[in-house]
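Inspection log for the structure reproduced underneath, given as C-alpha coordinates.
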Amino acid sequence: MELIYEKSKPGDRASTLPQYDLPAAEVPEDLRRAEPPRLPELAEPEVVRHFTELSTRNFGIDTGFYPLGSCTMKHNPRVNERVVMLPGFKDLHPHQDEDGAQGALELMWRLQEILKEVAGLDACSLQPAAGSQGELTGLMLMRAYFEDIGEGDQRDTIVTADTAHGTNPASVTMAGYKLEKVATDARGNLDLDDLRSKVNERTAGLMLTNPSTLGLFDEHIEDVAKIFHDAGSLLYYDGANLNAVCGISRPGDMGFDIVHINLHKTFSQPHGGGGPGGGPIVVREKLEPFLPVPAVVRDGDGFRLDHDRPKSIGKVRGFTGPFGVFVRSYAYIRSYGPGLKEMSEVAVLNANYLLAKLRDAYDLPYDRLCMHEFVLSARSLKRDHGVTALDVAKRLMDYGYHPPTIYFPLVVPEALMIEPTETEPKERLDGFIDAMLAIAREAAEDPSLLLDAPRSQPVSRLDEVKAAKRAVVKYGFEEHPDLSGEVGEGRQLEAQKGA
Ligand SMILES: Cc1ncc(COP(=O)(O)O)c(C=O)c1O
(Lines give C-alpha, C1' and ligand atoms only; values in the text may rest on other atoms or scores of the structure.)
Protein backbone atom coordinates (compact mmCIF):
# COMPACT_ATOMS: atom_id res chain seq x y z
CA MET A 1 0.00 0.00 0.00
CA GLU A 2 1.33 3.44 -0.93
CA LEU A 3 2.08 5.97 1.78
CA ILE A 4 -0.03 9.11 1.78
CA TYR A 5 3.03 11.11 0.71
CA GLU A 6 3.45 8.82 -2.28
CA LYS A 7 -0.18 9.41 -3.29
CA SER A 8 0.24 13.18 -3.05
CA LYS A 9 -0.38 15.20 -6.27
CA PRO A 10 0.86 18.83 -6.22
CA GLY A 11 -2.10 21.22 -6.24
CA ASP A 12 -4.79 18.75 -5.06
CA ARG A 13 -6.72 20.03 -2.09
CA ALA A 14 -9.31 18.69 0.38
CA SER A 15 -10.74 22.19 0.76
CA THR A 16 -9.80 25.82 0.16
CA LEU A 17 -10.14 28.84 2.40
CA PRO A 18 -11.28 32.30 1.25
CA GLN A 19 -8.59 34.92 0.64
CA TYR A 20 -7.38 36.31 3.98
CA ASP A 21 -7.91 40.07 4.05
CA LEU A 22 -6.79 40.96 7.60
CA PRO A 23 -3.30 42.28 8.36
CA ALA A 24 -0.81 39.42 8.58
CA ALA A 25 0.27 38.58 12.11
CA GLU A 26 3.75 39.73 13.03
CA VAL A 27 5.96 36.65 13.46
CA PRO A 28 9.57 37.38 14.49
CA GLU A 29 11.98 36.87 11.62
CA ASP A 30 13.90 34.04 13.29
CA LEU A 31 10.69 32.08 13.93
CA ARG A 32 9.38 32.36 10.37
CA ARG A 33 9.43 29.35 8.07
CA ALA A 34 11.60 29.73 5.02
CA GLU A 35 9.15 27.61 3.04
CA PRO A 36 5.74 26.01 3.66
CA PRO A 37 5.66 22.57 5.36
CA ARG A 38 5.72 19.60 2.97
CA LEU A 39 2.28 18.17 3.58
CA PRO A 40 0.63 15.57 1.35
CA GLU A 41 -1.70 17.13 -1.24
CA LEU A 42 -4.87 15.13 -1.90
CA ALA A 43 -8.60 15.55 -2.47
CA GLU A 44 -10.78 14.76 0.54
CA PRO A 45 -12.23 11.46 -0.79
CA GLU A 46 -8.69 10.17 -1.33
CA VAL A 47 -7.70 11.10 2.23
CA VAL A 48 -10.78 9.33 3.60
CA ARG A 49 -10.13 6.25 1.45
CA HIS A 50 -6.49 6.14 2.49
CA PHE A 51 -7.19 6.14 6.20
CA THR A 52 -10.21 3.84 5.90
CA GLU A 53 -8.10 1.31 4.03
CA LEU A 54 -5.39 1.59 6.68
CA SER A 55 -7.95 1.00 9.44
CA THR A 56 -9.02 -2.29 7.83
CA ARG A 57 -5.48 -3.59 8.26
CA ASN A 58 -5.78 -3.55 12.00
CA PHE A 59 -7.11 -6.42 14.07
CA GLY A 60 -9.17 -5.68 17.14
CA ILE A 61 -11.71 -7.26 19.44
CA ASP A 62 -14.37 -5.59 17.27
CA THR A 63 -13.15 -7.47 14.20
CA GLY A 64 -12.54 -10.93 15.60
CA PHE A 65 -11.59 -13.38 18.36
CA TYR A 66 -8.59 -12.11 20.32
CA PRO A 67 -7.43 -14.79 22.80
CA LEU A 68 -4.30 -12.92 23.96
CA GLY A 69 -3.50 -14.63 27.26
CA SER A 70 -2.96 -12.41 30.32
CA CYS A 71 -4.35 -9.42 28.41
CA THR A 72 -8.11 -10.05 28.82
CA MET A 73 -9.26 -8.65 25.49
CA LYS A 74 -13.00 -8.71 26.12
CA HIS A 75 -15.87 -7.02 24.31
CA ASN A 76 -16.37 -3.39 25.33
CA PRO A 77 -20.11 -2.80 25.68
CA ARG A 78 -21.18 0.32 23.77
CA VAL A 79 -23.30 1.53 26.65
CA ASN A 80 -20.01 2.44 28.36
CA GLU A 81 -19.18 4.82 25.51
CA ARG A 82 -22.65 6.32 25.67
CA VAL A 83 -22.23 7.04 29.37
CA VAL A 84 -18.71 8.41 29.11
CA MET A 85 -19.90 10.84 26.43
CA LEU A 86 -22.51 12.45 28.71
CA PRO A 87 -21.63 16.17 28.68
CA GLY A 88 -21.25 16.32 32.47
CA PHE A 89 -18.47 13.73 32.26
CA LYS A 90 -16.97 14.49 28.85
CA ASP A 91 -16.72 18.27 29.20
CA LEU A 92 -15.73 18.38 32.86
CA HIS A 93 -12.52 20.34 33.36
CA PRO A 94 -10.01 18.84 35.80
CA HIS A 95 -9.75 22.27 37.49
CA GLN A 96 -13.51 22.45 38.06
CA ASP A 97 -14.16 23.28 41.72
CA GLU A 98 -15.48 20.47 43.90
CA ASP A 99 -18.99 21.91 44.19
CA GLY A 100 -19.32 21.80 40.41
CA ALA A 101 -17.97 18.25 40.11
CA GLN A 102 -20.04 16.42 42.70
CA GLY A 103 -21.33 13.84 40.19
CA ALA A 104 -17.81 12.92 39.05
CA LEU A 105 -16.52 12.75 42.61
CA GLU A 106 -19.46 10.57 43.61
CA LEU A 107 -18.79 8.19 40.71
CA MET A 108 -15.15 7.89 41.78
CA TRP A 109 -16.11 7.35 45.40
CA ARG A 110 -18.65 4.68 44.45
CA LEU A 111 -16.10 2.93 42.24
CA GLN A 112 -13.63 2.94 45.13
CA GLU A 113 -16.28 1.34 47.38
CA ILE A 114 -16.96 -1.39 44.82
CA LEU A 115 -13.25 -2.12 44.33
CA LYS A 116 -12.77 -2.36 48.10
CA GLU A 117 -15.54 -4.97 48.22
CA VAL A 118 -14.14 -6.87 45.22
CA ALA A 119 -10.62 -6.88 46.72
CA GLY A 120 -11.77 -7.58 50.29
CA LEU A 121 -9.69 -4.64 51.59
CA ASP A 122 -10.24 -1.32 53.32
CA ALA A 123 -9.07 1.70 51.28
CA CYS A 124 -8.63 2.56 47.61
CA SER A 125 -6.83 5.04 45.38
CA LEU A 126 -7.87 5.27 41.74
CA GLN A 127 -4.83 7.27 40.66
CA PRO A 128 -2.42 4.80 38.95
CA ALA A 129 -2.95 4.73 35.20
CA ALA A 130 -2.02 1.09 34.53
CA GLY A 131 -1.32 -2.19 36.27
CA SER A 132 2.39 -1.55 36.09
CA GLN A 133 1.98 1.87 37.69
CA GLY A 134 -0.16 0.25 40.39
CA GLU A 135 2.74 -2.13 41.06
CA LEU A 136 5.20 0.74 41.44
CA THR A 137 2.75 2.64 43.65
CA GLY A 138 2.20 -0.45 45.82
CA LEU A 139 5.94 -0.90 46.29
CA MET A 140 6.27 2.79 47.23
CA LEU A 141 3.56 2.20 49.83
CA MET A 142 5.52 -0.76 51.22
CA ARG A 143 8.64 1.40 51.51
CA ALA A 144 6.71 4.22 53.21
CA TYR A 145 5.11 1.75 55.62
CA PHE A 146 8.38 0.09 56.63
CA GLU A 147 10.10 3.46 57.03
CA ASP A 148 7.24 4.55 59.27
CA ILE A 149 7.67 1.53 61.58
CA GLY A 150 11.46 1.86 61.59
CA GLU A 151 12.25 -1.10 59.30
CA GLY A 152 12.99 0.88 56.15
CA ASP A 153 16.71 0.04 56.01
CA GLN A 154 16.24 -3.54 57.11
CA ARG A 155 13.77 -4.64 54.40
CA ASP A 156 15.30 -4.43 50.94
CA THR A 157 14.00 -7.47 49.00
CA ILE A 158 10.82 -8.35 47.12
CA VAL A 159 9.98 -11.93 46.18
CA THR A 160 8.31 -12.74 42.83
CA ALA A 161 7.43 -16.00 41.05
CA ASP A 162 9.45 -17.29 38.10
CA THR A 163 6.17 -17.10 36.14
CA ALA A 164 5.81 -13.37 36.92
CA HIS A 165 4.80 -10.88 34.27
CA GLY A 166 7.77 -8.78 33.12
CA THR A 167 6.39 -5.65 34.77
CA ASN A 168 6.77 -7.26 38.25
CA PRO A 169 10.59 -7.47 38.26
CA ALA A 170 10.77 -4.15 36.41
CA SER A 171 8.66 -2.40 39.09
CA VAL A 172 10.70 -4.02 41.86
CA THR A 173 13.90 -2.70 40.34
CA MET A 174 12.44 0.76 39.68
CA ALA A 175 11.28 0.96 43.28
CA GLY A 176 14.87 0.30 44.41
CA TYR A 177 14.30 -3.18 45.85
CA LYS A 178 16.36 -6.32 45.29
CA LEU A 179 14.57 -9.13 43.50
CA GLU A 180 14.31 -12.74 44.67
CA LYS A 181 12.65 -15.25 42.35
CA VAL A 182 10.84 -18.35 43.55
CA ALA A 183 10.47 -21.52 41.47
CA THR A 184 7.19 -23.11 40.38
CA ASP A 185 6.49 -26.69 41.51
CA ALA A 186 5.27 -29.59 39.37
CA ARG A 187 1.59 -28.64 39.88
CA GLY A 188 2.15 -25.01 38.90
CA ASN A 189 2.08 -23.61 42.46
CA LEU A 190 4.82 -21.61 44.16
CA ASP A 191 7.44 -24.09 45.38
CA LEU A 192 6.98 -23.80 49.15
CA ASP A 193 10.43 -25.18 50.07
CA ASP A 194 12.13 -22.74 47.74
CA LEU A 195 9.90 -19.97 49.08
CA ARG A 196 10.69 -20.69 52.75
CA SER A 197 14.42 -20.57 52.02
CA LYS A 198 14.05 -17.08 50.50
CA VAL A 199 11.85 -15.27 53.01
CA ASN A 200 13.54 -13.68 56.02
CA GLU A 201 13.80 -10.44 58.01
CA ARG A 202 15.11 -8.62 54.92
CA THR A 203 11.99 -9.42 52.90
CA ALA A 204 9.72 -6.41 52.37
CA GLY A 205 7.08 -8.42 50.54
CA LEU A 206 5.78 -10.77 47.89
CA MET A 207 4.43 -9.68 44.52
CA LEU A 208 2.23 -12.38 43.02
CA THR A 209 -0.66 -12.85 40.65
CA ASN A 210 -3.20 -15.52 41.62
CA PRO A 211 -4.23 -17.27 39.43
CA SER A 212 -0.70 -17.22 38.07
CA THR A 213 0.23 -16.52 34.48
CA LEU A 214 -0.13 -20.29 33.99
CA GLY A 215 -3.85 -19.77 34.60
CA LEU A 216 -3.62 -21.83 37.83
CA PHE A 217 -4.92 -20.88 41.26
CA ASP A 218 -2.20 -21.44 43.88
CA GLU A 219 -3.37 -24.35 46.03
CA HIS A 220 -1.31 -23.18 49.04
CA ILE A 221 -2.10 -19.49 48.97
CA GLU A 222 -2.94 -19.37 52.70
CA ASP A 223 0.38 -21.06 53.58
CA VAL A 224 2.16 -18.57 51.32
CA ALA A 225 0.48 -15.63 53.07
CA LYS A 226 1.42 -17.05 56.49
CA ILE A 227 5.09 -17.41 55.54
CA PHE A 228 5.26 -13.71 54.63
CA HIS A 229 3.17 -12.39 57.50
CA ASP A 230 5.17 -14.46 60.02
CA ALA A 231 8.30 -12.76 58.66
CA GLY A 232 6.66 -9.33 59.12
CA SER A 233 6.45 -8.83 55.33
CA LEU A 234 3.57 -7.60 53.16
CA LEU A 235 1.81 -9.30 50.24
CA TYR A 236 1.09 -7.52 46.96
CA TYR A 237 -1.53 -8.97 44.61
CA ASP A 238 -1.02 -8.28 40.91
CA GLY A 239 -4.69 -8.15 39.92
CA ALA A 240 -4.20 -8.55 36.18
CA ASN A 241 -5.86 -11.98 36.42
CA LEU A 242 -8.81 -10.86 38.53
CA ASN A 243 -11.13 -11.82 35.67
CA ALA A 244 -10.85 -15.40 36.95
CA VAL A 245 -12.05 -14.80 40.51
CA CYS A 246 -14.02 -11.55 40.64
CA GLY A 247 -16.92 -11.89 43.07
CA ILE A 248 -15.84 -15.44 43.92
CA SER A 249 -12.67 -15.13 45.98
CA ARG A 250 -11.06 -11.97 47.30
CA PRO A 251 -7.34 -11.18 47.45
CA GLY A 252 -7.79 -9.63 50.91
CA ASP A 253 -9.28 -12.92 52.18
CA MET A 254 -6.34 -14.81 50.67
CA GLY A 255 -4.03 -12.68 52.84
CA PHE A 256 -2.90 -9.97 50.43
CA ASP A 257 -2.35 -6.45 51.81
CA ILE A 258 -2.14 -4.42 48.58
CA VAL A 259 -3.93 -5.13 45.30
CA HIS A 260 -3.92 -3.44 41.93
CA ILE A 261 -6.85 -3.94 39.61
CA ASN A 262 -6.44 -3.62 35.85
CA LEU A 263 -9.68 -1.77 35.13
CA HIS A 264 -8.93 -2.01 31.42
CA LYS A 265 -8.98 -5.80 31.56
CA THR A 266 -11.44 -7.03 34.17
CA PHE A 267 -13.93 -4.20 33.75
CA SER A 268 -13.65 -3.74 29.97
CA GLN A 269 -12.09 -0.80 28.18
CA PRO A 270 -10.77 -0.46 24.68
CA HIS A 271 -7.09 -1.11 25.37
CA GLY A 272 -3.94 -2.29 23.67
CA GLY A 273 -1.64 -0.17 21.57
CA GLY A 274 -0.79 1.95 24.59
CA GLY A 275 -3.97 2.78 26.40
CA PRO A 276 -6.06 4.04 27.96
CA GLY A 277 -5.76 2.09 31.19
CA GLY A 278 -6.47 2.26 34.88
CA GLY A 279 -4.64 0.48 37.71
CA PRO A 280 -6.29 1.48 41.04
CA ILE A 281 -4.78 0.08 44.20
CA VAL A 282 -6.69 -1.21 47.19
CA VAL A 283 -5.01 -1.69 50.58
CA ARG A 284 -5.41 -2.87 54.16
CA GLU A 285 -6.25 -0.24 56.76
CA LYS A 286 -2.70 0.08 58.10
CA LEU A 287 -1.50 1.21 54.66
CA GLU A 288 -4.24 3.79 54.06
CA PRO A 289 -2.29 6.80 55.46
CA PHE A 290 0.36 6.32 52.76
CA LEU A 291 -2.01 6.26 49.72
CA PRO A 292 -1.55 8.94 47.02
CA VAL A 293 -3.21 12.34 47.41
CA PRO A 294 -5.72 13.72 46.79
CA ALA A 295 -8.04 11.07 48.21
CA VAL A 296 -11.66 11.11 47.04
CA VAL A 297 -13.74 11.10 50.24
CA ARG A 298 -17.36 11.32 51.31
CA ASP A 299 -18.15 14.34 53.45
CA GLY A 300 -21.71 14.27 54.84
CA ASP A 301 -23.99 14.26 51.80
CA GLY A 302 -21.24 15.50 49.49
CA PHE A 303 -17.85 14.43 48.18
CA ARG A 304 -14.48 16.17 48.20
CA LEU A 305 -10.78 15.80 47.56
CA ASP A 306 -8.70 15.33 50.70
CA HIS A 307 -5.13 16.63 50.42
CA ASP A 308 -4.43 16.51 54.12
CA ARG A 309 -2.60 13.20 54.39
CA PRO A 310 0.80 13.92 55.97
CA LYS A 311 2.16 10.38 55.46
CA SER A 312 1.05 10.13 51.79
CA ILE A 313 3.61 9.07 49.15
CA GLY A 314 2.29 12.06 47.12
CA LYS A 315 0.83 12.09 43.63
CA VAL A 316 1.47 9.35 41.09
CA ARG A 317 -0.73 10.71 38.29
CA GLY A 318 -2.19 14.04 37.16
CA PHE A 319 -5.35 15.17 38.95
CA THR A 320 -7.34 12.16 40.22
CA GLY A 321 -6.38 9.64 37.53
CA PRO A 322 -7.81 8.55 34.14
CA PHE A 323 -11.43 9.64 34.64
CA GLY A 324 -12.93 8.27 31.40
CA VAL A 325 -11.68 4.82 32.37
CA PHE A 326 -13.48 5.11 35.71
CA VAL A 327 -16.78 5.95 34.02
CA ARG A 328 -16.55 2.99 31.66
CA SER A 329 -15.59 0.54 34.41
CA TYR A 330 -18.33 1.83 36.69
CA ALA A 331 -20.89 1.42 33.89
CA TYR A 332 -19.61 -2.11 33.18
CA ILE A 333 -19.84 -3.17 36.82
CA ARG A 334 -23.27 -1.62 37.33
CA SER A 335 -24.68 -3.26 34.21
CA TYR A 336 -23.77 -6.68 35.69
CA GLY A 337 -25.19 -5.64 39.06
CA PRO A 338 -25.20 -8.26 41.81
CA GLY A 339 -24.47 -10.96 39.21
CA LEU A 340 -20.91 -9.74 38.66
CA LYS A 341 -19.41 -13.10 39.54
CA GLU A 342 -21.11 -14.57 36.46
CA MET A 343 -18.46 -12.72 34.46
CA SER A 344 -15.68 -14.78 36.05
CA GLU A 345 -17.67 -18.01 36.07
CA VAL A 346 -18.20 -17.83 32.32
CA ALA A 347 -14.59 -16.75 31.69
CA VAL A 348 -13.39 -19.86 33.54
CA LEU A 349 -15.95 -22.08 31.80
CA ASN A 350 -14.92 -20.83 28.36
CA ALA A 351 -11.24 -21.41 29.11
CA ASN A 352 -11.85 -24.93 30.37
CA TYR A 353 -13.97 -25.74 27.31
CA LEU A 354 -11.10 -24.75 25.01
CA LEU A 355 -8.60 -26.61 27.16
CA ALA A 356 -10.66 -29.82 27.07
CA LYS A 357 -10.88 -29.68 23.27
CA LEU A 358 -7.23 -28.80 22.59
CA ARG A 359 -5.35 -30.81 25.21
CA ASP A 360 -4.81 -33.87 22.99
CA ALA A 361 -3.43 -31.94 20.03
CA TYR A 362 -0.86 -29.88 21.99
CA ASP A 363 1.26 -30.50 25.08
CA LEU A 364 -0.29 -29.55 28.40
CA PRO A 365 2.53 -28.81 30.88
CA TYR A 366 0.30 -28.58 33.98
CA ASP A 367 -2.60 -31.00 33.83
CA ARG A 368 -5.16 -29.27 36.05
CA LEU A 369 -8.46 -27.47 35.68
CA CYS A 370 -7.56 -23.97 34.58
CA MET A 371 -8.94 -20.62 35.62
CA HIS A 372 -9.65 -17.89 33.02
CA GLU A 373 -6.70 -18.87 30.80
CA PHE A 374 -4.38 -21.80 30.20
CA VAL A 375 -0.97 -22.50 28.75
CA LEU A 376 -0.29 -25.14 26.10
CA SER A 377 3.08 -25.94 24.59
CA ALA A 378 4.11 -26.60 21.00
CA ARG A 379 7.17 -28.53 22.20
CA SER A 380 6.18 -31.83 20.52
CA LEU A 381 5.28 -30.05 17.27
CA LYS A 382 8.77 -28.53 17.28
CA ARG A 383 10.50 -31.83 18.06
CA ASP A 384 8.49 -33.95 15.61
CA HIS A 385 7.77 -31.53 12.75
CA GLY A 386 10.10 -28.54 13.15
CA VAL A 387 7.34 -25.98 13.70
CA THR A 388 7.29 -23.61 16.66
CA ALA A 389 4.75 -21.75 18.77
CA LEU A 390 5.50 -18.71 16.60
CA ASP A 391 4.58 -20.70 13.46
CA VAL A 392 1.29 -21.83 15.03
CA ALA A 393 0.54 -18.22 15.97
CA LYS A 394 1.28 -16.95 12.46
CA ARG A 395 -0.85 -19.68 10.87
CA LEU A 396 -3.80 -18.74 13.09
CA MET A 397 -3.85 -15.38 11.32
CA ASP A 398 -4.64 -17.20 8.06
CA TYR A 399 -7.68 -18.67 9.82
CA GLY A 400 -8.82 -15.19 10.87
CA TYR A 401 -7.84 -15.29 14.55
CA HIS A 402 -5.57 -13.07 16.58
CA PRO A 403 -2.74 -15.28 17.89
CA PRO A 404 -2.60 -16.08 21.59
CA THR A 405 0.26 -14.83 23.73
CA ILE A 406 3.37 -16.87 22.93
CA TYR A 407 6.68 -17.66 24.67
CA PHE A 408 5.23 -16.52 27.99
CA PRO A 409 5.35 -17.49 30.80
CA LEU A 410 9.04 -18.22 30.37
CA VAL A 411 8.94 -21.47 32.39
CA VAL A 412 7.00 -23.20 29.58
CA PRO A 413 8.97 -23.88 26.40
CA GLU A 414 7.09 -23.03 23.18
CA ALA A 415 4.24 -21.59 25.27
CA LEU A 416 0.83 -20.74 23.81
CA MET A 417 -1.17 -18.84 26.41
CA ILE A 418 -4.87 -18.70 25.58
CA GLU A 419 -7.51 -16.52 27.23
CA PRO A 420 -10.95 -16.54 25.57
CA THR A 421 -12.79 -14.28 28.11
CA GLU A 422 -16.47 -14.53 28.96
CA THR A 423 -17.73 -12.41 26.09
CA GLU A 424 -17.26 -15.09 23.37
CA PRO A 425 -20.18 -17.30 22.29
CA LYS A 426 -19.70 -21.06 21.89
CA GLU A 427 -19.72 -20.78 18.06
CA ARG A 428 -16.62 -18.56 18.16
CA LEU A 429 -14.87 -20.91 20.54
CA ASP A 430 -15.71 -23.85 18.29
CA GLY A 431 -14.32 -22.02 15.27
CA PHE A 432 -11.08 -21.37 17.13
CA ILE A 433 -10.88 -25.01 18.26
CA ASP A 434 -11.32 -26.19 14.65
CA ALA A 435 -8.54 -23.86 13.51
CA MET A 436 -6.13 -24.98 16.26
CA LEU A 437 -6.83 -28.67 15.50
CA ALA A 438 -6.42 -28.09 11.75
CA ILE A 439 -3.09 -26.37 12.38
CA ALA A 440 -1.83 -29.28 14.49
CA ARG A 441 -2.75 -31.64 11.61
CA GLU A 442 -1.08 -29.37 9.06
CA ALA A 443 2.09 -29.38 11.17
CA ALA A 444 2.32 -33.14 10.68
CA GLU A 445 1.16 -33.30 7.06
CA ASP A 446 2.56 -30.14 5.46
CA PRO A 447 4.68 -28.02 7.86
CA SER A 448 5.39 -25.49 5.10
CA LEU A 449 1.85 -24.17 5.57
CA LEU A 450 2.92 -23.03 9.03
CA LEU A 451 6.48 -22.05 8.19
CA ASP A 452 5.34 -19.70 5.41
CA ALA A 453 2.37 -18.28 7.32
CA PRO A 454 0.69 -15.90 7.28
CA ARG A 455 -0.17 -15.98 3.59
CA SER A 456 -3.45 -14.09 3.82
CA GLN A 457 -2.07 -10.86 5.25
CA PRO A 458 -0.69 -7.79 3.41
CA VAL A 459 2.75 -8.66 4.80
CA SER A 460 4.09 -12.00 6.00
CA ARG A 461 6.84 -12.42 8.60
CA LEU A 462 7.93 -9.10 10.01
CA ASP A 463 11.15 -8.45 11.81
CA GLU A 464 9.52 -7.36 15.04
CA VAL A 465 12.81 -6.72 16.83
CA LYS A 466 13.94 -4.29 14.15
CA ALA A 467 10.49 -2.71 14.00
CA ALA A 468 10.69 -2.01 17.73
CA LYS A 469 14.32 -0.94 17.90
CA ARG A 470 14.51 1.00 14.66
CA ALA A 471 11.00 2.31 14.10
CA VAL A 472 10.81 4.61 11.05
CA VAL A 473 7.82 6.84 11.66
CA LYS A 474 8.84 9.88 9.62
CA TYR A 475 8.65 10.13 5.85
CA GLY A 476 12.11 10.78 4.44
CA PHE A 477 11.12 12.51 1.13
CA GLU A 478 14.32 12.12 -0.90
CA GLU A 479 16.06 9.78 1.53
CA HIS A 480 14.58 6.40 2.35
CA PRO A 481 17.04 4.90 4.81
CA ASP A 482 18.26 1.43 3.92
CA LEU A 483 17.81 -0.51 7.14
CA SER A 484 18.90 -3.89 5.85
CA GLY A 485 21.73 -5.42 7.79
CA GLU A 486 20.78 -3.70 11.04
CA VAL A 487 19.58 -5.23 14.30
CA GLY A 488 17.33 -8.25 14.22
CA GLU A 489 18.19 -9.49 10.70
CA GLY A 490 16.91 -12.90 9.76
CA ARG A 491 13.87 -14.89 10.70
CA GLN A 492 12.65 -14.04 14.14
CA LEU A 493 12.35 -17.11 16.32
CA GLU A 494 10.69 -15.76 19.41
CA ALA A 495 8.18 -12.98 19.77
CA GLN A 496 7.47 -11.07 22.93
CA LYS A 497 4.25 -11.21 24.86
CA GLY A 498 1.49 -8.84 23.79
CA ALA A 499 0.33 -5.68 25.53
C1 LIG B 1 0.06 -10.57 35.01
C2 LIG B 1 0.22 -9.12 34.61
N3 LIG B 1 0.69 -8.23 35.49
C4 LIG B 1 0.82 -6.93 35.19
C5 LIG B 1 0.51 -6.44 33.95
C6 LIG B 1 0.73 -4.99 33.66
O7 LIG B 1 -0.46 -4.31 33.46
P8 LIG B 1 -0.53 -3.00 32.53
O9 LIG B 1 -0.37 -3.50 31.12
O10 LIG B 1 -1.85 -2.40 32.80
O11 LIG B 1 0.62 -2.11 32.93
C12 LIG B 1 0.02 -7.33 32.97
C13 LIG B 1 -0.29 -6.85 31.60
O14 LIG B 1 -0.43 -7.60 30.67
C15 LIG B 1 -0.14 -8.69 33.31
O16 LIG B 1 -0.62 -9.56 32.42
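Whatever order the structure lists ligands and atoms in, that order sets their numbers, starting from 1. All residue numbers refer to positions in the sequence shown, counting from 1.
- Remark: among candidates Ser70, Ala129, Ser132, Ser171, the nearest residue to atom 11 (O) of ligand 1 is Ser132, based on non-hydrogen atoms.
- Comparing Thr213, Asn262, Thr209 by heavy-atom distance to atom 7 (O) of ligand 1, the nearest is Asn262.
- Residue contacts with ligand 1 include Lys265, since one of its heavy atoms falls under 4.0 Å from the ligand.
- Heavy-atom contacts of Ala130 reach the following atoms of ligand 1: 10 (O), 11 (O) (cutoff under 4.0 Å).
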Expected list for residues 280-288: side-chain donor-acceptor pairs under 3.5 angstrom, two or more places apart:
from   : atom 1 : to     : atom 2 : distance (Å)
Arg284 : NE     : Asp257 : OD1    : 2.8
Arg284 : NH2    : Gly252 : O      : 3.1
Arg284 : NH2    : Phe256 : O      : 2.7

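- With a 6.0 Å radius and a threshold of 12 heavy atoms from other residues, nucleotides or ligands, Arg379 has its CZ atom at or below the threshold.
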Between Glu135 and Asn168, does the side-chain hydrogen bond (donor to acceptor under 3.5 Å, both in side chains) criterion hold? Intermediate values first, please.
CA-CA 7 Å; Glu135 293 168 23; Asn168 290 185; 3.1 Å; yes
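- Among the candidates Thr173, Asp156, Thr157, the single residue satisfying the side chain to side chain donor-acceptor pair (under 3.5 Å) test with Lys178 is Asp156.
- By the criterion of a heavy-atom distance under 4.0 Å, the side chain of Glu135, and not its backbone, is placed next to ligand 1.
- Considering backbone and side-chain N/O atoms, Ala240 never comes within less than 3.5 Å of an N/O atom of ligand 1.
- A cation-pi arrangement is not found for Arg110 relative to Phe303, the charged atom failing to lie both closer than 6.0 Å to the ring centre and inside a 45° cone about the ring normal.
- Proximity of His271 to ligand 1 is not established, as no heavy-atom distance is less than 4.0 Å.
- Side-chain contact annotation: Asn80 with Ser268, donor-acceptor N/O pair under 3.5 Å present.
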